[in-house]
Trainee: 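First the structure, which I've put down as structure tokens, then a few questions once you've had a look.
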Amino acid sequence: TPVTVVTIDGPSGSGKGTIAALLARELGWGLLDSGALYRLTALAAMNHGVDFTDESSLEVLAGHLDVQFLPSETGEGLSIILEGERVGESLRTEDVGAMASKVAALPGVRAALLQRQRDFAELPGLVADGRDMGTVVFPGAALKVFLTASAEERAKRRYEQLHQKGISASFDRLLADIQARDERDSQRTVAPLKPADDAIILDSTRMSIQEVFNKVLEQMRLKG
Ligand code: C5P
């Protein structure tokens with residue numbers, strides 16, 4: 001039996017990570033957060049003092065990324081161990097996201113991470129989220145969702161998320177960061193952020209997480 005794959009692509013802050021995690025749990029399937037691999041490559045480059053323009057060194061780094069995804073003690077999410085050290089919340093910061101989108105624009109880095117991403121596909125199924133899951137990594141996926149939302153709404157969500165954690169942030173700065181990252185991710189020549197031809201496009205700007213999740217489940221049922 002082939003592994004069934006569902007892909008959820010979209011810009012940062014669209015809710016794709018949340019939806020992918022909910023869906024994987026609902027189905028009892030594996031989960032691939034592909035953005036984490038690009039973020040980890042950026043962190044490894046920082047740790048080793050590798051310049052973000054040094055494509056051949058970054059390619060080697062990405063190909064040999066020493067990373068483990070372990071179930072966390074709390075049972076919520078995964079513990080990520082990079083080169084023997086636990087990576088905390090720092091992985092999710094906008095700064096690391098911006099660095100990730102720089103290394104992600106390099107074809108050598110993307111090629112080095114391709115097989116590693118495909119190796120996540122194990123029975124019975126996989127939910128994969130990112131930018132090019134449906135277009136490049138899993139072109140044969142059973143269901144492809146492209147989840148988007150306005151940049152203002154995504155900045156607002158990020159602002160509220162940080163606020164809840166007691167972290168102060170400037171809304172205008174968050175919006176500018178999101179727009180810059182969207183621009184870089186959509187304009188790059190390799191695997192740009194765009195919906196696959198056979199993707200279902202969902203705009204979550206005026207939808208709750210539950211509403212989006214229900215829509216995705218509905219699509220799964222339609223696809224049988
Ligand atoms: O999804 P996340 O915000 O964690 O991704 C961080 C960056 O990694 C993105 O801005 C994008 O440049 C890159 N990325 C990518 N392809 C993917 C997932 C992430 O290029 N499949």
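These numbers were taken from a predicted model, which means no experiment stands behind them. The figures that follow rest on heavy atoms only: side chains count, while hydrogens, waters and symmetry mates do not. One-based numbering, in listed order, for ligands and for the atoms of each.
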Trainee: Go through ligand 1 atom by atom and flag the ones less than 4.0 Å from a non-hydrogen atom of Ala104.
Mentor: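 By the 4.0 Å cutoff, the relevant atoms are 12 (O), 13 (C), 20 (O).
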Trainee: Quick one: closest heavy-atom pair of Val109 and Val103, and the distance?
Mentor: CB-O, 3.5 Å
Trainee: In this structure, does ligand 1 have an atom that sits under 4.0 Å from one of the heavy atoms of Lys102?
Mentor: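 Lys102: no contact with ligand 1 (<4.0 Å).
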Trainee: Say you draw a straight line from CG of Leu193 to CZ of Arg184; how long is it, rounded to the nearest 0.5 Å?
Mentor: 13.0 Å
Trainee: Which ligand 1 atoms are under 4.0 Å away from a heavy-atom of Met133?
Mentor: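 Going through ligand 1 atom by atom, the ones under 4.0 Å from Met133 are 21 (N).
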Trainee: Can you measure from OH (Tyr159) to CG (Leu175) and round to the nearest 0.5 angstrom?
Mentor: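 Tyr159 atom OH to Leu175 atom CG measures 13.0 Å (nearest 0.5 Å).
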Trainee: Could you identify the single nearest non-hydrogen protein atom to atom 8 (O) of ligand 1 and state the distance to 0.1 Å?
Mentor: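 I find the closest protein heavy atom is Tyr38 CB, 3.5 Å.
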Trainee: Would you check whether Arg188 has a nitrogen or oxygen atom less than 3.5 angstrom from a nitrogen or oxygen atom of ligand 1?
Mentor: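 For ligand 1, there is an N or O atom that lies under 3.5 Å from one belonging to Arg188.
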Trainee: Please could you name the atoms of ligand 1 that Lys16 approaches to less than 4.0 Å, counting only its heavy atoms?
Mentor: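 Selected atoms, number and element: 1 (O).
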Trainee: What atoms in ligand 1 come closer than 4.0 Å to a heavy atom of Asp132?
Mentor: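 So the answer, numbered in order with elements, is 16 (N), 17 (C), 21 (N).
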Trainee: Tell me the protein heavy atom at minimum distance from atom 19 (C) of ligand 1, and give that distance in Å.
Mentor: Gly35 CA, 3.5 Å
Trainee: Closest non-hydrogen protein atom to atom 6 (C) of ligand 1, residue and atom name please, with distance?
Mentor: Arg181 NH1, 3.5 Å
Trainee: Which one of Glu94, Gln117, Arg131 has a non-hydrogen atom at the shortest distance from atom 1 (O) of ligand 1?
Mentor: Arg131
Trainee: Among all protein heavy atoms, pick the one closest to atom 18 (C) of ligand 1 and tell me residue, atom and distance.
Mentor: Ser34 OG, 3.4 Å
Trainee: What are the two closest heavy atoms between Asp177 and Glu94, and how far apart are they?
Mentor: OD2-CG, 3.5 Å
Trainee: Looking at His163, I'd like to know if its NE2 atom is crowded, meaning that more than 12 non-hydrogen atoms belonging to other residues, nucleotides or ligands lie closer than 6.0 Å.
Mentor: no
Trainee: Test your reading of the structure: does Asp129 have an N or O sitting under 3.5 Å from an N or O of ligand 1?
Mentor: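 No: no nitrogen or oxygen of Asp129 is under 3.5 Å from one in ligand 1.
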Trainee: Relative to the heavy atoms of Gly130, which atoms of ligand 1 are at a distance of less than 4.0 Å?
Mentor: 18 (C), 21 (N)
Trainee: Are any non-hydrogen side-chain atoms of Phe171 and Glu160 less than 4.5 angstrom apart?
Mentor: no
Trainee: Give a yes or no on whether Arg92 atom CZ has more than 12 heavy-atom contacts from other residues, nucleotides or ligands under 6.0 Å away.
Mentor: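 Counting neighbours around CZ of Arg92, more than 12 heavy atoms of other residues, nucleotides or ligands fall under 6.0 Å, so yes.
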Trainee: Can you tell if the side chain of Arg116 reaches within under 4.5 Å of the side chain of Leu65, non-hydrogen atoms only?
Mentor: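 With C-beta onward as the side chain, the pair touches.
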Trainee: Check each atom of ligand 1 against the heavy atoms of Arg39 and keep those under 4.0 Å away; list them by number with element.
Mentor: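 Checking each atom against Arg39, I get 2 (P), 3 (O), 4 (O), 6 (C).
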Trainee: Any idea which atoms of ligand 1 are less than 4.0 Å away from a heavy-atom of Ser101?
Mentor: 10 (O), 12 (O)
Trainee: Would you give the length of the straight line joining atom NZ of Lys156 to atom OG1 of Thr205, rounded to the nearest 0.5 angstrom?
Mentor: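 Nearest 0.5 Å value for the NZ-OG1 distance: 10.0 Å.
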Trainee: Please name the pair of heavy atoms, one in Pro139 and one in Lys144, separated by the smallest distance, quoted to 0.1 Å.
Mentor: O-NZ, 2.7 Å
Trainee: Is any side-chain heavy atom of Val6 closer than 4.5 Å to a side-chain heavy atom of Trp29?
Mentor: yes
Trainee: Short list, please: which atoms of ligand 1 are under 4.0 Å from a heavy atom of Asp185?
Mentor: 9 (C), 10 (O), 11 (C), 12 (O)
Trainee: Of all the non-hydrogen atoms in the protein, which one sits nearest to atom 16 (N) of ligand 1, and at what distance?
Mentor: Arg110 NH2, 3.0 Å
